[in-house]
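Note sheet for the following structure.
Keep in mind the model is a prediction, meaning the values are calculated, not measured. A, B, ... follow the sequence lines: proteins, then strands. Residue 1 opens every chain.
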Amino acid sequence: MTDMKKPVLNDMLLLFIFSAVILLMPFWLEPFGAAYPDLLQKFAIYGIFAIGFNILLGLTGYLSFGHAAFLGVGSYAAVWSFKLLTMNVLPAVLFGVLFAGALAAIIGFLSLRRSGIYFSILTLAFAQMSYNLAYSVLTPITNGETGLQLDRSDPRILDRMFSEGEPAAGLPSTDLFGVTMSGYPGFYFCAVILIVCFFISIRIFRSPFGLMLKGIKSNQNRMQYTGLNTRPYMQTAFIISGMFAGLAGSLLAVTDPLAGAERMQWTASGEVVLMTILGGVGTLIGPILGAALIKYFENIFSSFNDTVLEQAFSFLPESVLDVVVPLMGLFVGSGWQLTLGLLFMVVVIFLPGGLVEGFNRIFKFIRSGKKRKGLVEPTQDQASE
Amino acid sequence: MGDLVLHLDGISKSFGGLSALSNVNLHVEEGTTHAIIGPNGAGKSTLLNVCIGRLKPDSGRVMFDGQELTGKQPHEIAQIGVARVFQTPEIFQEMSLLENVMLPAFAHRDGSFRFNANKLLSKQGEIRDEAEHILEDVGLKDQMMMEGGSLSRGDKRRLELGMCLILHPRLLLLDEPTAGMARHDTNQTIDLLKKIKSRGMTKVIIEHDMHVVFSLADKVSVLARGQIIADGNPDEVREDPKVKEAYLGGTQ
């Protein structure tokens, strides 16, 4: 917890390693069967979502159960930007962030009057309200159950202004100054934004502002009797966190220009809570780790079926195979959530600090083993947060 | 002695049917150490809670240096220059001692809110130097990288005192600063408070330990059953028959 002794250089090193790991994902994820753009995009996007969520939960300790609302608003704003203005992704991302920030300002203003479980319930209520509104009253904006989609007849004012030629036959695709934002270019766009977000998150964690947010989590009484007004601090943290969610929502629309109300449902809010806790609340890389793991489970683990299992266990004798495969089958394929649930329980019970705490323990164990053999000099504790 | 700095004017406060304070008048002069003593349940902590805005009095006014404090938010009162050490130390358990003291230093420099997310803590040399200096004053500099929660109760109290001192308060309220301390720690705390006294800060101390009161206080007020029953310098108060009655018998 004592951030002071970590020099700035260490953070830059962390950022550099992080960037390398993210940008090289297409290569090192190959053996895990996860190196395809659609999934890599999701890793990056939900990583951003979780980073933002962690700024609120990890620093201030306020558990929001309504962050899906900001994800959804970001998506809708982005798709409208594609429909009305241009297929360029930059305005879409900008509008996604702004609208989510505005909604977060309102919801935060109302919800932050309470703390603890009451705050969580209020945010949940506002998010469910947004979800139901998107389905009913706001249908002209959200296109209800069908979801907001692109159409050939969309105005796209800016695009029409600059291109004289007749519109292409199919639906246009999102682009960044001519580069189509699908497949690997889409992933690299999201990856660069993720790295920027990670950098912002490091800076917030290491700033006086971040110290104030930690103070709110630690002792609100002391904050007030020290002369600090906690409300604007929490409100700012909530808005920043909502903007990250809006950014993630707009990127979902960038990689697949479609926005539906189900993105705002409470299950999406719950998912980001799971990601953050699984990876490690209040740590820098934990939430991204959790997001990637959950998305990996959802996409890869769920596609395992009995045939795959039979191949994996083909070294076993037939009689054992007949028992093992159906048994294991419960945990893969459509049963992937069972495995995830078990993993989550193990983490929460044995590693309250999430996977990051697990890695730290392993790291320390290895190092203390080396120290006993006198192989390395005792160094200052610099567990990778 | 100088001007009045804290002035309580007819403060009353009751909880349900129970009257905790009734028509309390208290005058604290600038630069003095004013002790408030009294038996358990006399309303001493309630009085401090009214001063710092934690409780709203039913009637009466709290004036500090010509400004009315009644009705103000706790953080506003703190920014005006009133700091408080609590009976059970209110510190940031999960942070290092250095961070515990740096945080109030930011509050003192930047006011009640400032969005300085683009700055790095590690580049705030001035604040850090000041924090280390204060930690040295309260005798905790060697442990400054330890977590607040790992300290003993006496050390937590000293840390909290440091957190208040770095705010450069004009009035420091201390709620039983030596409660539950061993004699050695108590003497250390008295020495520390004497050291602050030489800086000319006004202090109000609530205390049970008469040893502490008579080694520190310039003025003593005695609170019993929600009323000030005696006021004056320590020797006068010690001899006052009403005070003896309140402490020794005087059930009503």
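- Considering all non-hydrogen atoms of both residues, A:R203 and B:N118 come closest at NH2-O, 2.6 Å.
- Applying the 6.0 Å contact sphere to NE2 of B:H133 captures no more than 12 heavy atoms from other residues, nucleotides or ligands.
- Within 6.0 Å of the CZ atom in B:R109, the count of heavy atoms belonging to other residues, nucleotides or ligands exceeds 12.
- The distance from atom CZ of B:F115 to atom OG of A:S207, rounded to the nearest 0.5 Å, is 7.5 Å.
- Closest non-hydrogen pair, B:F92 versus A:M223, comes out as CZ-SD, 3.7 Å.
- Neither the backbone nor the side chain of B:I80 comes within less than 4.5 Å of any heavy atom of chain A.
- The part of B:L167 that comes within reach of chain A is its side chain, from C-beta onward, which places non-hydrogen atoms under 4.5 angstrom from that chain.
- Taken from OG in B:S122 to CG in A:N10, the straight-line distance is 11.0 Å, to the nearest 0.5 Å.
- For residues 46-59 of chain A, an interface with chain B (any heavy-atom pair closer than 4.5 Å) does not exist.
- For a heavy-atom cut-off of 4.5 Å, chain B lies close to A:Q224, A:Y225, A:T226, A:G227, A:L228, A:N229, A:P232, A:Y233, A:T236, A:I240 in residues 224-244 of chain A.
- With chain A as partner, the option from B:E90, B:E76, B:Q73 having the largest number of non-hydrogen pairs under 4.5 angstrom is B:E90.
- Closest non-hydrogen pair, A:L211 versus B:L103, comes out as O-CD1, 3.6 Å.
- Residue B:F106 holds its CZ atom at 13.0 Å from CZ of A:F209, rounded to the nearest 0.5 Å.
- Salt bridge status for A:R222 with B:E160: present, with a side-chain N to carboxylate O gap under 4.0 Å.
- Rounding to the nearest 0.5 angstrom, the gap separating the OG atom in A:S218 from the CG atom in B:N100 is 7.0 Å.
- Most heavy-atom pairs under 4.5 Å with chain B: of the set A:N221, A:L213, A:I200, this distinction falls to A:N221.
- Rounded to the nearest 0.5 Å, atoms NZ (A:K214) and CE (B:M95) are 7.0 Å apart.
- For the residue pair B:A117 and A:I204, the shortest heavy atom distance occurs at CB-CG1, 4.3 Å.
- Heavy-atom contacts from other residues, nucleotides or ligands closer than 6.0 Å to CZ of A:F350 number 12 or fewer.
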